[in-house]
Amino acid sequence: MGEMSSFQLGVIGALFLSVASSVSIVICNKALMSNLGFPFATTLTSWHLMVTFCTLHAAQRFSLFESKPIDMKTVMLFGILNGVSIGFLNLSLGFNSIGFYQMTKLAIIPFTVLLETIFLKKQFSQKIKMSLFVLLVGVGIASITDLQLNFVGTILSLLAIVTTCVGQILTNTIQKRLNVSPTQLLYQSAPFQAAILFVSGPLVDQFLTKQNVFAFKYSSIVSAFIILSCIISVSVNFSTFLVIGKTSPVTYQVLGHLKTCLVLTFGYTLLHDPFTERNIIGILIAIFGMVLYSYFCTQENKKKQADPLVSQMKDKEGAPFLGLEKEGQEDKNADKDSHL
């Protein structure tokens with residue numbers, strides 16, 4: 001019981017850290033891009049990842065966590081995949097209307113459910129699916145305004161959905177099957193994510209904005225907001241890996257839509273963004289869907305705890321995902337991970 005209570009507190013802490021840091025960085029970046037005219041989102045993300053890696057490297061040097069070597073091919077492919085997914089999401093936003101981009105983000109949950117069902121043999125109850133449907137309807141009502149389709153934008157959105165889903169499933173799978181902590185996985189993969197975005201970011205941003213990030217005039221206030229954004233990003237990146245590792249990719253996406261609702265609310269109260277009855281109704285429906293999802297997940301977890309044999313059987317039914325099963329078996333006798 002003590003271990004379970006500690007785990008639940010850890011999950012709650014991870015969820016709170018993820019929400020607080022993500023909402024903070026969205027507000028910071030919105031001020032940076034909308035009010036201060038710094039539009040280079042992909043390049044900024046590469047700086048976020050470089051600062052995250054440097055912070056974790058310093059923490060590792062001070063023995064705040066223990067680095068655990070992971071197969072280089074796995075880490076490299078994982079890091080590059082996550083970097084590419086960020087680039088596709090930004091390109092999708094650049095080539096599509098805001099409404100279609102929101103539809104792209106909404107499609108990540110059902111596609112993740114589909115992939116986990118097919119490749120990991122994971123089962124989702126009808127109640128869970130119903131609560132996710134209510135959530136998606138609410139977020140759609142609150143955030144989707146216009147829907148303008150174009151061929152290139154649609155292809156980019158599909159690529160963004162696939163790479164994002166696979167990257168998040170791998171985040172969960174690698175941590176559990178290779179017995180590594182969120183800190184260790186992020187530390188190993190961040191350099192590859194940063195590298196791919198550091199090279200491609202300026203090109204993507206120049207293509208989308210028709211501006212050169214290196215020719216931009218950096219005032220003191222712009223530099224201050226960039227530094228603040230990079231500092232907050234350390235918490236964002238760490239909490240992302242933490243939440244996905246402790247819960248699931250689907251739960252992380254549900255949390256992401258909660259952040260969307262909070263951003264809409266904070267945007268109205270702090271930045272005086274337009275807010276309509278439709279936004280309010282959509283947010284209330286989305287929150288209702290999140291409550292249902294949390295309730296049904298809690299009930300199913302209690303059933304699994306009450307019948308541990310069924311839970312173990314379900315765990316054994318999970319199929320190998322991208323060849324990670326064998327490596328996970330080899331690492332089962334490794335020492336327990338150290339966490340930040």
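Quick caveat, the model's predicted, so the values are computed rather than measured.
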State whether Phe207 and Lys210 meet the cation-pi test: NZ (Lys) or CZ (Arg) under 6.0 Å from the six-membered ring centroid, and within 45° of the perpendicular axis.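 The answer is yes, since Lys210 meets both limits relative to Phe207.
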
Could you give me the CA-CA distance, side-chain angles and deciding distance for Tyr295 and Tyr293, then say whether ring pair (Phe, Tyr, Trp, His ring centres under 6.0 Å) is met? CA-CA 5 Å; Tyr295 175 76; Tyr293 177 79; over 10 Å; no

Please tell me whether [X] and [Y] have a donor and an acceptor in their side chains that are separated by less than 3.5 angstrom.
{"X": "Glu300", "Y": "Ser125", "result": "yes"}
{"X": "Ser67", "Y": "Tyr187", "result": "no"}
{"X": "Gln168", "Y": "Thr171", "result": "no"}
{"X": "Ser157", "Y": "Thr104", "result": "yes"}
{"X": "Asn96", "Y": "Ser92", "result": "yes"}

If we ignore hydrogens and angles and just use 3.5 Å, is the side chain of Ser18 paired with the main-chain N or O of Leu15 as donor and acceptor? no

Crowding at OH, Tyr218 (>12 non-hydrogen neighbours, <6.0 Å): yes

Least distance between heavy atoms, Phe124 atom then Val113 atom: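 Closest approach of Phe124 to Val113: CD1-CG1, 3.6 Å.
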
For residues Leu292 and Met130, determine if any side-chain heavy atom of one lies less than 4.5 Å from a side-chain heavy atom of the other.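 Heavy-atom side-chain distance check passes, below 4.5 Å.
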
With side chains defined as the heavy atoms from C-beta onward, is the minimum distance between Cys261 and Met290 less than 4.5 Å?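 Counting from C-beta outward, Cys261 and Met290 do come under 4.5 Å.
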
Interatomic spacing from NZ in Lys30 to CD1 in Ile25 - rounded to 0.5 Å: 15.0 Å

